[in-house]
Number of protein chains: 2
Amino acid sequence: MTPQELRLACRDGSFTTNTSGYCAGYVQANLVILPKSWADEFFVFAQQNPKPCPIIGFSKTPGEPVIRVGGKDVDIRSDLPQYRVWRDGELAGEPADVSDVWQDDFVTFLIGCSFSFEEALLADGLEIRNITEQVNVPMFNTNIACEPTERFYGNQVVSMRPFKAADAIRMIQICSRFPNVHGAPVHLGDPSLIGIEDIQKPDYGDAVTVNEGELPVFTACGVTPQAVIKQAKPPVCITHSPGCMLVTDIPNSKLAIF
Amino acid sequence: MTPQELRLACRDGSFTTNTSGYCAGYVQANLVILPKSWADEFFVFAQQNPKPCPIIGFSKTPGEPVIRVGGKDVDIRSDLPQYRVWRDGELAGEPADVSDVWQDDFVTFLIGCSFSFEEALLADGLEIRNITEQVNVPMFNTNIACEPTERFYGNQVVSMRPFKAADAIRMIQICSRFPNVHGAPVHLGDPSLIGIEDIQKPDYGDAVTVNEGELPVFTACGVTPQAVIKQAKPPVCITHSPGCMLVTDIPNSKLAIF
């Protein structure tokens with residue numbers, strides 16, 4: 001299935017599941033849609049916090065549902081398998097299409113997703129524990145504060161992948177090539193130094209095995225903007241449903257800076 | 001003083017000390033000179049072990065004492081402050097000039113030195129503990145085997161610099177730009193995983209403070225080829241005296257691959 005075929009299958013309602021593992025080689029994006037009155041400030045927040053919140057595209061005209069940067073004929077209202085609609089910071093629904101709640105002041109943001117760098121790590125022969133163990137990557141709240149704006153603030157959420165030291169060094173090199181999908185890790189080693197008490201009790205996702213002699217490596221995570229928006233309680237916000245990403249026509253290699 | 005002025009001062013005997021801190025911005029090189037019958041195998045060894053033994057230049061004609069890659073008018077027999085002459089693996093002298101022991105089958109190798117990447121780290125605002133504490137960098141024997149040739153083999157020697165995790169990640173990025181000066185670290189974190197028993201008891205150089213919350217970061221070290229050559233016991237070998245490097249005309253930035 002090409003990215004466009006998958007998007008059209010989302011649009012006609014025949015594709016409704018997690019996009020993980022589909023359309024290998026293409027960028028999958030986190031989605032954030034906000035009214036213009038909140039979007040401008042979110043844009044500033046994202047620019048200030050590029051590691052947890054790397055913007056790979058946005059709609060330049062409010063209300064415009066066609067997102068050209070995402071690929072051919074992308075209708076952002078229907079081309080993801082499932083959405084989350086938030087009202088005043090509370091989950092108000094998980095529809096497969098948001099055409100009926102669309103507003104002419106909506107601004108769309110596409111945010112980089114770790115799938116892109118995970119693909120590059122696997123291609124290099126590194127083991128990614130959450131993939132080996134077939135679970136969600138473990139994610140943790142930290143004490144690393146985001147650079148705040150007036151209404152958007154909070155601490156970074158990070159994902160964790162364990163590696164032996166030599167592999168952690170290689171992982172840092174590879175992820176550094178991908179600043180638009182969270183870039184280099186923000187921490188490695190002792191979890192308590194960034195406010196994580198128990199590496200086996202993630203705040204989101206699932207625990208994974210950390211073997212003797214491995215270092216936990218922590219990468220800024222796209223859950224951060226979601227947590228920050230939830231806290232800010234805009235009157236309305238639309239995001240993707242977890243794992244149900246926008247599959248774009250952008251090759252992952254296009255996000256590599258060298 | 002320009003690199004050429006420093007080299008001429010070595011040649012006329014007026015400069016006789018450590019080159020550390022001189023000619024900022026220019027590559028300083030480790031020196032290895034071997035007879036042709038050993039040099040070919042050493043060349044293979046270096047190619048197989050580019051992290052501990054990164055060759056930045058070599059003489060193409062045996063016996064040729066002018067090393068063009070090093071800069072203008074470099075006479076490798078006289079343009080370092082001090083040399084070590086080895087006979088059958090034993091130190092046989094530390095002259096300021098090796099013209100009188102020069103052989104027409106000598107092949108010269110210039111090997112990258114950590115001064116180049118340390119300059120890049122300092123320029124980025126990172127603290128280098130051995131520089132702060134004004135001592136030699138601590139170096140350790142490890143259990144990481146070099147890829148052997150028939151006569152050249154042994155374990156890697158590494159240098160250690162402590163950093164907080166976020167600085168260690170940045171250090172890995174910067175050092176990755178310099179593959180010809182040992183490149184990315186080979187290990188970080190638990191020293192025992194690479195056979196180091198006590199981080200406060202280096203095998204070469206001096207101990208440095210490792211603060212709470214810092215990770216020791218280990219980089220392949222130019223002492224490795226010296227140890228390997230000493231073990232191989234060639235009938236004759238010339239190296240630089242520790243800290244008394246060849247100062248070249250090559251800007252450090254030329255060694256950065258991006």
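So you know, we letter chains A, B, ... as the sequences are listed, proteins then strands, and number each from 1. These values consider heavy atoms only, across backbone and side chains, with no hydrogens, waters or symmetry-generated copies.
The distance from the NZ atom of K164(B) to the CG atom of D190(A) is 13.0 Å, given to the nearest 0.5 Å. Here CD1 of I169(A) is found 8.5 Å from CE of M171(B). Values are rounded to the nearest 0.5 Å.
No more than 12 heavy atoms of other residues, nucleotides or ligands lie within 6.0 Å of CD in E197(B), so this atom counts as exposed by the packing criterion. No more than 12 heavy atoms of other residues, nucleotides or ligands lie within 6.0 Å of OH in Y153(B), so this atom counts as exposed by the packing criterion.
Contact of L188(A) with chain B is made through backbone and side chain together, with heavy-atom distances under 4.5 Å.
Scanning residues 218-230 of chain B against chain A with a 4.5 Å heavy-atom cutoff picks out nothing at all.
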